[in-house]
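Below is one structure, written out as structure tokens; the observations come after it.
All values derive from a computational prediction rather than experimental measurement. This chain uses plain numbering: 1 for the first residue, then up along the sequence. These numbers come from the heavy atoms of this one structure, side chains and all, not from hydrogens, waters or symmetry mates. Counting convention: from 1, in listed order, for ligands and their atoms alike.
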Amino acid sequence: MLTDKRILLIIAGGIAAYKALDLIRRLRERGAFVRAVMTRNATEFVTPLAVGALASERAYTDLFSLDDESDIGHIRLARDADLVVVAPATANLVAKMAHGIADDLASTVLLATDLPILIAPAMNVRMWLHPATQANMALLRDRGVAVVDPETGAMAENETGPGRLAEPPNIVASVEALLSGANRPLAGRRALVTSGPTHEPIDPVRYIANRSSGKQGHAIAAALARLGAETVLVSGPTQEPPPNGVRLIPVETAREMLAACEAALPADIAVCAAAVADWRAGEEAGQKLKKTGGAPPSLALTENPDILATLSAPGSARPALVVGFAAETESVIDHAVAKRARKGCDWIVANDVSAAAGTFGGDSNSVHLITEAGAESWPALSKKDVGERLAARIADHFQATT
Ligand code: C5P
């Protein structure tokens with residue numbers, strides 16, 4: 001059942017749009033509140049009147065409609081739901097989602113939302129199999145967008161193959177699976193994840209930084225959110241897109257990261273994956289440092305706060321499970337075991353960041369998980385899979401201890 005669940009249904013313009021009417025009816029029969037946004041092309045296939053009559057409210061179609069904006073506004077549309085469902089998702093809307101294009105109400109809402117998203121693609125078989133669409137789908141899946149794959153069968157243009165919209169009962173089943181506790185063992189838990197590098201200013205134009213890409217921390221946050229945890233991601237500057245279903249707090253310096261983490265407490269879980277700069281410039285110059293012709297200026301460094309050690313310190317706000325990372329270039333396990341004791345955290349994920357391992361900026365990671373029970377070596381996995389596996393271990397830990 002979907003009682004009290006709020007669904008924002010985005011209907012894109014393909015012949016399968018007519019099935020959205022059946023989908024709305026089925027979602028409402030299960031008790032969901034359904035609000036619909038239609039692209040302009042969708043209105044060529046079904047009318048906003050029909051969609052509005054079946055949905056819980058009238059349909060929204062126009063980014064620049066004074067009525068739509070004063071009734072709800074596109075930012076509230078993007079926030080006020082438990083799940084965003086895109087059905088049918090056309091090749092065009094999939095491409096816009098993948099590349100962050102926001103040129104109408106539907107695509108703007110999709111770019112503005114941080115809610116979990118489920119898409120049900122439907123398009124001509126050649127469009128579906130086109131490398132561009134497949135690459136866009138891979139990008140979306142990587143970002144944590146859930147997909148109800150299209151079905152294979154006869155299509156509108158007398159062609160056969162994959163591309164037909166999944167049948168509405170199958171879409172409803174995916175909605176229910178996403179919104180129920182099933183596969184969401186961390187539902188009701190709060191998680192805090194740090195990610196990326198920090199930037200420590202020297203003067204208004206220069207800073208100290210490191211090579212962290214944020215890929216691993218972002219993947220962990222995405223995986224924890226997928227398992228149901230309410231997840232806050234405190235991240236230094238990265239190129240990584242924020243994962244869906246995660247609240248991102250962007251920061252620059254270690255001190256800002258610590259303040260954001262402390263403000264995000266209480267949390268049940270803290271995973272410190274950020275590569276926090278150990279030192280910052282002792283004094284940040286107010287103006288750009290100039291070459292004077294004399295000796296080069298010297299840079300005095302001051303130690304940054306240790307966020308992992310601070311979060312691990314005993315106290316009422318200490319998360320029940322604190323996980324740190326150890327980036328080592330030699331004696332990886334020994335150093336990580338010592339680091340676990342020194343920082344006071346519960347687990348350490350140790351990885352080899354020697355140049356030969358290619359971890360920094362790369363897509364894969366070979367890690368060892370150090371717990372109170374000892375060290376466990378995982379096979380080489382993608383950073384996404386390390387995130388999934390760590391989140392699953394965290395879920396097991398909470399199931400075993402509560
Ligand atoms: O001491 P080291 O930097 O090797 O420790 C790595 C672990 O400590 C990582 O989990 C990192 O996120 C965390 N850390 C931190 N704040 C610092 C330095 C490291 O949270 N200032």
Open item on the list: Quick check on contacts: which atoms of ligand 1 are under 4.0 angstrom from a heavy atom of Gly324?
Closed with: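 Reading through ligand 1 atom by atom, the close ones are 10 (O).
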
Open item on the list: Closer than 4.0 Å to some heavy atom of Cys272 - which atoms of ligand 1 meet that?
Closed with: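 Answer for ligand 1: 9 (C), 10 (O), 11 (C), 12 (O).
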
Open item on the list: I want to check something: taking the side chain as every heavy atom from C-beta on, are Leu77 and Arg35 in contact at a cut-off of under 4.5 Å?
Closed with: yes

TODO: Would you indicate whether the side-chain heavy atoms of Pro201 and Arg206 approach each other to under 4.5 Å?
DONE: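 No. Closest side-chain heavy atoms not under 4.5 Å.
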
[X]: heavy atom below 4.0 Å from ligand 1, yes or no?
{"X": "Pro305", "result": "yes"}
{"X": "Lys343", "result": "yes"}
{"X": "Lys339", "result": "yes"}
{"X": "Ala254", "result": "no"}

- [ ] Verify whether one side chain among Asn136 and Thr133 offers a donor that lies under 3.5 Å from an acceptor in the other.
- [x]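 Side chains of Asn136 and Thr133: no pair found under 3.5 Å.
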
Which protein heavy atom lies closest to [atom], and at what distance to 0.1 Å?
{"atom": "atom 12 (O) of ligand 1", "value": "Ala274 O, 2.6 Å"}
{"atom": "atom 9 (C) of ligand 1", "value": "Phe325 O, 3.1 Å"}
{"atom": "atom 16 (N) of ligand 1", "value": "Ile307 N, 2.9 Å"}
{"atom": "atom 14 (N) of ligand 1", "value": "Asp306 OD1, 3.9 Å"}

TODO: Classify the contact between Asp278 and ligand 1 as side chain, backbone, both or neither, using a heavy-atom distance cut-off of under 4.0 Å.
DONE: side chain

Open item on the list: Just to be sure I read this right, does ligand 1 sit under 4.0 Å from the backbone of Ala309, its side chain, both, or neither, counting only heavy atoms?
Closed with: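 No part of Ala309 is near ligand 1 at this cut-off.
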
TODO: Might you confirm whether atom CZ of Phe33 has over 12 heavy atoms from other residues, nucleotides or ligands at distances under 6.0 Å?
DONE: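 Buried by this count: over 12 neighbours within 6.0 Å.
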
Task: SB check Lys5 Glu176 (cutoff 4.0 Å) - done: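 A salt bridge is absent here (no side-chain N lies under 4.0 Å from a carboxylate O).
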
Open item on the list: Under a 4.0 Å threshold between the charged nitrogen and the carboxylate oxygen, would Arg26 count as salt-bridged to Asp22?
Closed with: yes

Open item on the list: Using side chain to side chain contact (heavy atoms under 4.5 Å, CB included), reason through Leu224 and Leu186 one step at a time and then give a plain yes or no.
Closed with: CA-CA 7 Å; Leu224 288 168; Leu186 291 175; 3.7 Å; yes

- [ ] Could you check which of Leu308, Asn304, Val276 puts a non-hydrogen atom nearest to atom 13 (C) of ligand 1?
- [x] Leu308

- [ ] I would like to know whether His368 and Ser377 meet side chain to side chain donor-acceptor pair (under 3.5 Å); could you show each step before the answer?
- [x] CA-CA 4 Å; His368 313 271; Ser377 299; 2.7 Å; yes

TODO: May I ask you to decide if the ring planes of Trp347 and His397 are parallel, tilted or perpendicular, using 30° and 60° as cut-offs?
DONE: perpendicular

